[in-house]
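The structure under discussion appears below in the form of structure tokens.
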Amino acid sequence: MSARHAKRPPRGVMASAPKPGTPLKAEDQRVLTVCDWLRNEKRSGLRTKEAVQYEKRVEYFKGAKLVDALQSPKYKGKLAKDTPITSRAEAAKLGQEMLRMGYIHRSQRVQTHSRRWELELVQGPFDEEGLYTWVYEGSKTKLYLLCGGMLTGALGLCMIQIWPLWLKIGVWWCSVTFLTTFGVLAVVRLILFILMWVVGFRGWWLFPNLFDDNQTFAGSFQPIFGKGDPVALDEDSDEEYWEYQRKKNAKKAASGGDVTPVEKPKRVKSTDPSQEPAWQFGFINVLIIFGIGAICCVKMGFFDGENVPDFVAKRDDLEYYFKSLAPPEVVNDTAEEGDGRDPFAAPEEDDRRF
């Protein structure tokens with residue numbers, strides 16, 4: 001099937017989960033409770049993978065993994081009491097109910113020109129060997145909290161003019177420290193790479209994972225020196241895909257066609273962080289590097305009051321925190337001039353009468 005036919009779902013086939021607030025029967029409510037449990041990967045153990053379906057990023061899983069999750073020891077407590085499952089057949093029956101209610105739909109892989117494969121919606125009963133795409137998104141409480149936090153943060157940034165002065169100066173100092181330290185680190189890293197290249201150690205970097213998008217912030221600062229970890233592309237390295245390719249080649253061999261050899265790429269195992277020395281721990285490296293950067297910024301005078309720009313704080317406000325910016329006090333020398341009398345004192349009374 002070409003990519004053109006895989007861009008939009010067939011009419012009348014795309015299932016949709018019940019809308020929130022829709023009254024459900026007791027049996028349907030139990031199925032919804034199980035779906036909420038399955039959507040939590042930590043609690044259920046049902047691992048999902050991402051794929052593209054009709055130009056949309058979706059999560060899918062294999063039917064056998066759904067049955068395994070419902071048969072695992074994690075399925076216990078009130079959930080198992082309300083919806084008991086004692087066999088794989090009962091678990092498959094529950095999967096069929098999820099199909100009927102539109103919480104999931106069955107999919108299959110199709111070859112495309114732009115990608116190696118995509119998912120396409122198909123009709124059919126629940127089968128452990130089939131692939132299923134989540135339609136039900138689960139509880140949206142976390143999503144709502146994240147959206148609320150993002151809106152609050154955006155409003156806070158827009159109201160920077162009413163921030164307290166100590167907060168403005170603190171944010172400015174953190175920005176100067178980060179930009180200065182990171183910029184100097186990038187330049188030093190490039191210079192050392194060129195020197196190592198000239199000497200003969202090609203591919204060696206200071207903090208080789210510094211610009212690796214697959215690393216966390218702390219992971220970007222370990223190891224301190226070496227070659228970058230190779231990035232393994234697991235787009236098509238899942239077991240279902242390679243099983244599909246093997247079946248396809250077996251079908252071609254049975255029909256006498258040309259068989260393309262299929263070889264699963266070996267995953268490159270990254271170094272176990274627990275086996276690395278303590279001095280290579282990412283957060284320790286971050287604290288040391290940016291601590292040194294902050295000390296250097298203080299020594300170079302970047303934290304002085306005269307280096308704070310006007311868009312951060314006005315000079316009149318800065319004089320409160322930085323006494324060096326305040327103008328010198330004018331010495332009162334009026335007492336040294338004239339006859340020594342205080343010009344602001346009341347006139348002295350004398351014996352003259354008018």
Point to revise | Partner set under salt bridge (Lys or Arg N to Asp or Glu O under 4.0 Å) for E129, not counting sequence neighbours | key: K62
Practice item. Applying salt bridge (Lys or Arg N to Asp or Glu O under 4.0 Å), name anything that partners R47, two or more places apart in sequence or on another chain. Key: E41
Please name the pair of heavy atoms, one in [X] and one in [Y], separated by the smallest distance, quoted to 0.1 Å.
| X | Y | answer |
| --- | --- | --- |
| L99 | I104 | CD2-O, 3.5 Å |
| I289 | F221 | CD1-CD2, 3.7 Å |
| I85 | Y75 | CD1-OH, 3.9 Å |
| P223 | P208 | O-CD, 3.4 Å |
| L38 | S44 | O-OG, 3.2 Å |
| A69 | L46 | CB-CB, 4.2 Å |

Are [X] and [Y] linked, directly or through other ILVMFWY residues, by side chains that come within less than 4.5 angstrom of each other?
| X | Y | value |
| --- | --- | --- |
| V308 | M300 | yes |
| V184 | L287 | no |
| V298 | V312 | yes |

With sequence neighbours excluded, tell me which residues meet side chain to side chain contact (heavy atoms under 4.5 Å, CB included) with [X].
| X | value |
| --- | --- |
| S107 | Q53, H105, L119, T133 |
| R39 | E59, W134, Y136 |
| D68 | R88 |
| N40 | K42, R43 |

Taking atom [atom1] of [X] and atom [atom2] of [Y], what is their separation to the nearest 0.5 Å?
| X | Y | atom1 | atom2 | value |
| --- | --- | --- | --- | --- |
| M98 | Q96 | CE | CD | 11.0 Å |
| F290 | C297 | CZ | SG | 10.5 Å |
| M150 | L145 | CE | CG | 13.0 Å |

Check your understanding: Would a distance-only check, ignoring hydrogens and angles, find a side-chain to backbone donor-acceptor pair under 3.5 Å from Y60 to R106?
Key -> no
**Study point:** Backbone of A51 reached by a side-chain donor or acceptor of E118 within 3.5 Å
**Key:** no
**Study point:** Which residues share a ring pair (Phe, Tyr, Trp, His ring centres under 6.0 Å) with F302, sequence neighbours left out
**Key:** none
Review point. With W172, which residues qualify under ring pair (Phe, Tyr, Trp, His ring centres under 6.0 Å), at least two apart?
Key: none
Enumerate donor-acceptor pairs with a distance under 3.5 Å from any side-chain N or O in residues 185-193 to protein atoms, sequence neighbours excluded.
| from | atom 1 | to | atom 2 | distance (Å) |
| --- | --- | --- | --- | --- |
| R189 | NE | L206 | O | 2.8 |
| R189 | NE | F207 | O | 3.1 |
| R189 | NH2 | F207 | O | 3.4 |

Review point. Below 4.5 Å, heavy atoms only, C-beta onward: do F126 and L94 meet side chain to side chain?
Key: no
All N/O donor-acceptor pairs, side-chain side in residues 152-168, below 3.5 Å, sequence neighbours left out:
| from | atom 1 | to | atom 2 | distance (Å) |
| --- | --- | --- | --- | --- |
| T152 | OG1 | G148 | O | 2.8 |
| W163 | NE1 | G156 | O | 2.9 |
| W163 | NE1 | M159 | O | 3.4 |
| K168 | NZ | Q161 | O | 3.2 |

Practice item. Might you work through the side chain to side chain contact (heavy atoms under 4.5 Å, CB included) test for I169 and F303, ending with a clear yes or no? Key: CA-CA 9 Å; I169 297 175; F303 290 173; over 6 Å; no
Revision key, fill the gap. So the side chain to side chain donor-acceptor pair (under 3.5 Å) pairs with at least one residue in residues 77-86 (sequence neighbours excluded) are K78-D82, T86-E90
Exercise for review: Output, in order, the C-alpha distance, side-chain angles, deciding distance and verdict of side chain to side chain contact (heavy atoms under 4.5 Å, CB included) for D127 and Y132.
Suggested key: CA-CA 9 Å; D127 184 12; Y132 297 91; 3.9 Å; yes
Exercise for review: Decide if atom CD of E137 counts as having more than 12 heavy atoms of other residues, nucleotides or ligands within a radius under 6.0 Å.
Suggested key: no
Check your understanding: What residues form a side-chain hydrogen bond (donor to acceptor under 3.5 Å, both in side chains) with R100, not counting sequence neighbours?
Key -> D28, E97
Exercise for review: Classify the angle between the aromatic ring planes of F211 and F182 as parallel (below 30°), tilted (30 to 60°) or perpendicular (above 60°).
Suggested key: perpendicular
